[in-house]
Amino acid sequence: MIAEKLIKEKNIRFFDEFSINKGDKADIEDVFTKKDYLKIFNKAFSGKYSSINLSDVRDDSKPIILQINKHLEIDRFNHFQPANILAKEGVDISYFEKETLDNFENIFKTINNLFK
């Protein structure tokens, strides 16, 4: 898209700019605090996997998904199940920590500023 001049390179943003982890790679899951994401993950996979605690995912240089995979000793879990839980639960802002909300707000502010 950049090569075809459909979008300017300066307008491309990546989740590592907004994430909790300190590494150079991130996914949307890393925009949530670990506590918030684990709450969602544990609910989504209740009965399939044992609950994961904050102490199980302490590497702040790696995306949370990789840390969860490592802890569970699996290659990959269904990333859509946690998102599905949020949709089904119909959560509001009280469900999330302030830091999670601030991170998402920062994403939207940054993107909106690109259109000014």
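For reference, positions follow the sequence shown, starting with 1.
- Both I40 and L72 belong to a common hydrophobic cluster when Ile, Leu, Val, Met, Phe, Trp and Tyr are linked at side-chain heavy-atom distances under 4.5 angstrom.
- For residues 62-82, no residue pair satisfies the salt bridge (charged side-chain N to carboxylate O under 4.0 Å, His left out) rule, not counting sequence neighbours.
- Residues V31 and F14 do not share a hydrophobic cluster, defined by chaining ILVMFWY side chains whose heavy atoms lie under 4.5 Å apart.
- Formation of a donor-acceptor pair under 3.5 Å by the D30 side chain with backbone atoms of P63 is not found in this model.
- Side-chain contact between I68 and Y37 is present, with at least one heavy-atom pair separated by less than 4.5 Å.
- Under the side chain to side chain donor-acceptor pair (under 3.5 Å) criterion, K109 pairs with E105, not counting sequence neighbours.
- The cluster map of Ile, Leu, Val, Met, Phe, Trp and Tyr, joined by side-chain heavy atoms under 4.5 Å apart, puts I93 and L86 in the same cluster.
- You'll find the ring centres of F45 and F41 inside the 6.0 Å limit.
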request  = Test N69 against I65 for side chain to side chain contact (heavy atoms under 4.5 Å, CB included), laying out the working first.
outcome  = CA-CA 6 Å; N69 289 343; I65 288 175; 3.8 Å; yes
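- A search for salt bridge (charged side-chain N to carboxylate O under 4.0 Å, His left out) contacts involving D56 returns nothing, not counting sequence neighbours.
- We find the CZ-CD distance between R58 and Q67 to be 10.0 Å, quoted to the nearest 0.5 Å.
- For D36, the side-chain contact (heavy atoms from CB on, under 4.5 Å) partners two or more places apart in sequence, or in a different chain, are F32, T33, K39, F96, E97, T100.
- Not counting sequence neighbours, E99 has no partner by the salt bridge (charged side-chain N to carboxylate O under 4.0 Å, His left out) test.
- A search for side chain to side chain donor-acceptor pair (under 3.5 Å) contacts involving N84 returns nothing, not counting sequence neighbours.
- When hydrophobic clusters are built by joining Ile, Leu, Val, Met, Phe, Trp and Tyr residues whose side-chain heavy atoms come closer than 4.5 Å, directly or via intermediates, I52 is not grouped with F80.
- Taking CG of D27 as the reference point, atom OG of S19 lies at 9.0 Å (rounded to 0.5 Å).
- For residues 40-51, the pairs satisfying side chain to side chain donor-acceptor pair (under 3.5 Å) are K43-E89, with sequence neighbours left out.
- Atoms CG and CG, from L54 and L38 in turn, are 5.5 Å apart once rounded to the nearest 0.5 Å.
- Evaluation of the salt bridge (charged side-chain N to carboxylate O under 4.0 Å, His left out) test over residues 8-18, restricted to residues two or more places apart or in two chains, returns R13-E17.
- Rounding to the nearest 0.5 Å places CG of N53 at 12.5 Å from NZ of K34.
- Taking each heavy atom of V57 and I64 in turn, the nearest pair found is CG2-CD1, 4.1 Å.
- Between A44 and Q81 the shortest heavy-atom distance is O-NE2, 3.5 Å.
- Listed by chain and number, the residues in a side-chain contact (heavy atoms from CB on, under 4.5 Å) with I7 are M1, I2, N11, I12 (sequence neighbours excluded).
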request  = I would like to know whether L101 and F104 meet side chain to side chain contact (heavy atoms under 4.5 Å, CB included); could you show each step before the answer?
outcome  = CA-CA 5 Å; L101 297 172; F104 278 96; over 6 Å; no
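- Partners of S61 according to the side-chain contact (heavy atoms from CB on, under 4.5 Å) rule, which considers only residues two or more places apart in sequence or in another chain, are D59.
- Remark: K22 pairs with D60 by the side-chain contact (heavy atoms from CB on, under 4.5 Å) rule, at least two apart or across chains.
- Residues forming a side chain to side chain donor-acceptor pair (under 3.5 Å) with S55 (at least two apart in sequence, or on another chain): none.
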